[in-house]
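Notes for the one structure printed next.
In this chain, residues are counted from 1 in sequence order.
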Amino acid sequence: QVQLVESGGGLVQPGGSLRLSCAASGSIFSAYAMGWYRQAPGKQRELVADITSGGRTNYAESVKGRFTISRDNAKNTVALQMNSLKAEDPAVYYCAGRIRASCDYGARGYWGQGTQVTVSS
């Protein structure tokens with residue numbers, strides 16, 4: 001039905017930047033809130049940022065001012081621009097979306113497979 005596929009993870013030095021992208025594909029009727037979560041080893045998955053279909057954004061305190069989430073509703077994509085990366089940012093980053101598939105009567109949550117972000121000098 002619906003798949004979320006992330007790209008853009010990798011290795012970056014402290015203070016560097018990465019851009020993560022996520023594309024939703026399949027028979028999509030409508031995509032509502034979309035966002036990024038991350039999970040570091042031994043820690044719970046946490047919200048990094050999310051964005052409504054109207055463009056309202058929400059950020060975790062730890063990334064405010066450094067990360068920017070954006071989306072393209074026409075393409076069903078969401079991106080996360082990560083600047084000034086710190087030692088505490090490494091994790092697997094997951095794209096998530098509340099999406100209504102064409103064959104569904106309502107929306108439900110979907111997750112991407114995750115992409116690794118490593119910050120190291």
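N83 pairs by the side-chain hydrogen bond (donor to acceptor under 3.5 Å, both in side chains) definition with S17, Q81, not counting sequence neighbours. The side-chain contact (heavy atoms from CB on, under 4.5 Å) search around S62 returns R38, A60, not counting sequence neighbours. For Y37, the ring-ring contact (aromatic ring centres under 6.0 Å, His included) partners at least two apart in sequence or on another chain are W111. Partners of K64 under the salt bridge (charged side-chain N to carboxylate O under 4.0 Å, His left out) rule, at least two apart in sequence or in another chain, are E61. Residues satisfying the side-chain contact (heavy atoms from CB on, under 4.5 Å) criterion with S7, sequence neighbours excluded, are S21. Partners of D104 according to the salt bridge (charged side-chain N to carboxylate O under 4.0 Å, His left out) rule, which considers only residues two or more places apart in sequence or in another chain, are R108. Taking V2 as the reference, I28, I99, A101, Y110 meet the side-chain contact (heavy atoms from CB on, under 4.5 Å) condition, with sequence neighbours excluded. Partners of R66 under the salt bridge (charged side-chain N to carboxylate O under 4.0 Å, His left out) rule, at least two apart in sequence or in another chain, are D89.
Around the CD atom of Q44, the shell of radius 6.0 Å holds no more than 12 heavy atoms that belong to other residues, nucleotides or ligands.
Looking at every heavy atom in both residues, A31 comes nearest to S53 through O-CB, 3.8 Å. Listed here is the closest heavy atom pair of S121 and P14: N-CD, 3.7 Å. Here the closest heavy-atom approach between residue L80 and residue A49 is recorded as CD1-CB, 4.3 Å.
Not one N or O on the side chain of Q116 forms a donor-acceptor pair closer than 3.5 Å with the backbone of G10.
Among residue pairs with one or both ends in residues 44-102, none qualify as ring pair (Phe, Tyr, Trp, His ring centres under 6.0 Å); sequence neighbours excluded. Annotation: disulfide bond (SG atoms under 2.5 Å apart) contacts involving residues 29-104, sequence neighbours excluded, comprise C22-C95. Residue pairs meeting the side-chain hydrogen bond (donor to acceptor under 3.5 Å, both in side chains) criterion with at least one member in residues 24-36, sequence neighbours excluded, do not occur.
Alongside L11, the hydrophobic cluster contains no other residue (criterion: ILVMFWY side chains under 4.5 Å).
Note that OG1 of T68 is 9.0 Å distant from CZ of R19, once rounded to the nearest 0.5 Å. Distance check: R98 CZ to D50 CG gives 12.5 Å after rounding to the nearest 0.5 Å.
Between the side chains of E6 and Q113, a donor-acceptor pair is found at a separation under 3.5 Å. For the residue pair N58/R56, the side-chain donor-acceptor check at 3.5 Å is not satisfied.
The shortest distance between side-chain heavy atoms of L18 and V119 does not fall below 4.5 Å. By the 4.5 Å heavy-atom criterion applied to side chains, L4 and M34 are counted as neighbours. Annotation: side chain of I69 is in contact with side chain of V78 (closest heavy-atom distance under 4.5 Å).
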Could you walk me through whether V12 and T118 pass the side-chain contact (heavy atoms from CB on, under 4.5 Å) check? CA-CA 6 Å; V12 65; T118 303; over 6 Å; no
